[in-house]
Amino acid sequence: VVERFESDAVSALVVPRLVLHASQAARVSYLAVNLLANTVWSLAHQQATGERDSSTLLATVALGGDYARVRTDARVVGQGATTRQVALYYADGTQMHDFRTLQDHIAPKTNSDLLFKGAVQDSAKSVYTGLIRIREEAKGSAAYQTNRNLTLSEGAWAESVPNLDIRNNEFETAVLVFKSEGDPDAVLAYDKFLADNVKHWLAREIVLKWKRVLKRIDLTSRSLVTLI
């Protein structure tokens, strides 16, 4: 299912609401595309519930809106259920993107995977707040949460606030936050410089150091927050 939200340059408030229920062994995917004008406010709420052996996907592409908030709640209530949450966003000017997510594991041997990636520039802002909840009965569950942000201008701002609520000792959880800022062209030029001088001892040591840093990012760890 694909929903596309567009508007003219008018002052307005949009409040989209989605309630999705996947029965046993069902496969359901949903994509929301926000192309609203930069004069519009949007307060969206997406909720998905997955029964036994089901698979659900909540996806968002957020490009428009003055203030655009998306709350996505994914609940896996049946054993073997899987849910994914994905978002891609970009903001410029004075736009603000606000994401709030919940990965709620209620049944045993359930899985959730979240990936939100975005970029902001000018004086635009983005904030991501996510909660992984592993309940008492959700033994043997696995949950992953990754948020990656890129600030393209000095006045742009991006923030990540990951949270965990763990109520049993039999789970596999990873929380990853990547935050970077600066000029992408400068990063590419730096990488090219290292590649062109890879035989030099200093360039070689820098590359090896970076490889050691990346090896420490282990998705099987209980929790991990990395700010770059």
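Along the sequence shown, the residues carry numbers beginning at 1.
Within the hydrophobic cluster formed by Ile, Leu, Val, Met, Phe, Trp and Tyr side chains joined at under 4.5 Å, directly or through other members, Val70 is accompanied by Tyr89, Phe99, Leu114, Phe116, Tyr128. Chaining together hydrophobic side chains whose heavy atoms lie under 4.5 Å apart places Leu102 alongside Leu131.
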Table please: side-chain donor-acceptor pairs of residues 9-22 below 3.5 Å, with sequence neighbours left out.
| residue | atom | partner | partner atom | Å |
| --- | --- | --- | --- | --- |
| Arg17 | NH1 | His45 | ND1 | 2.4 |
| His21 | NE2 | Glu51 | OE2 | 3.0 |

Between side-chain atoms of residues 118-127 and protein atoms elsewhere (two or more places apart, or another chain), which donor-acceptor pairs fall under 3.5 Å?
| residue | atom | partner | partner atom | Å |
| --- | --- | --- | --- | --- |
| Gln121 | NE2 | Tyr90 | OH | 2.9 |
| Asp122 | OD2 | Gly93 | N | 3.0 |
| Ser123 | OG | Gly93 | O | 3.0 |

Please set out all donor-acceptor pairs under 3.5 angstrom arising from side-chain atoms of residues 75-87, sequence neighbours excluded.
| residue | atom | partner | partner atom | Å |
| --- | --- | --- | --- | --- |
| Thr83 | OG1 | Thr56 | OG1 | 2.9 |
| Gln85 | NE2 | Thr72 | O | 3.3 |
| Gln85 | NE2 | Thr72 | OG1 | 2.9 |

For residues 23-33, which side-chain N or O atoms pair as donor and acceptor with protein atoms under 3.5 Å away, sequence neighbours left out?
| residue | atom | partner | partner atom | Å |
| --- | --- | --- | --- | --- |
| Arg27 | NH1 | Ala25 | O | 3.2 |
| Arg27 | NH1 | Asp53 | O | 2.8 |
| Tyr30 | OH | Glu3 | OE1 | 2.5 |

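Minimum heavy-atom separation, Ala143 to Gln103: CB-NE2, 4.5 Å.
In summary, Asp165 and Arg133 engage in a salt bridge, as defined by a charged side-chain N under 4.0 Å from a carboxylate O. The pair Arg135-Asp104 counts as a salt bridge, with a side-chain nitrogen and a carboxylate oxygen less than 4.0 angstrom apart. Taking 4.0 Å as the cut-off between side-chain N and carboxylate O, Glu137 and Lys139 do not count as a salt-bridged pair.
Linking ILVMFWY residues whenever their side-chain heavy atoms come closer than 4.5 Å, directly or via other members, places Val2 and Val61 in the same cluster. Under a hydrophobic-cluster definition in which Ile, Leu, Val, Met, Phe, Trp and Tyr are linked whenever side-chain heavy atoms come within less than 4.5 Å, directly or via other members, Phe5 and Val1 are assigned to the same cluster.
Residues Lys109 and Ser141 form no side-chain contact, since every pair of their non-hydrogen atoms from C-beta on lies 4.5 Å or further apart.
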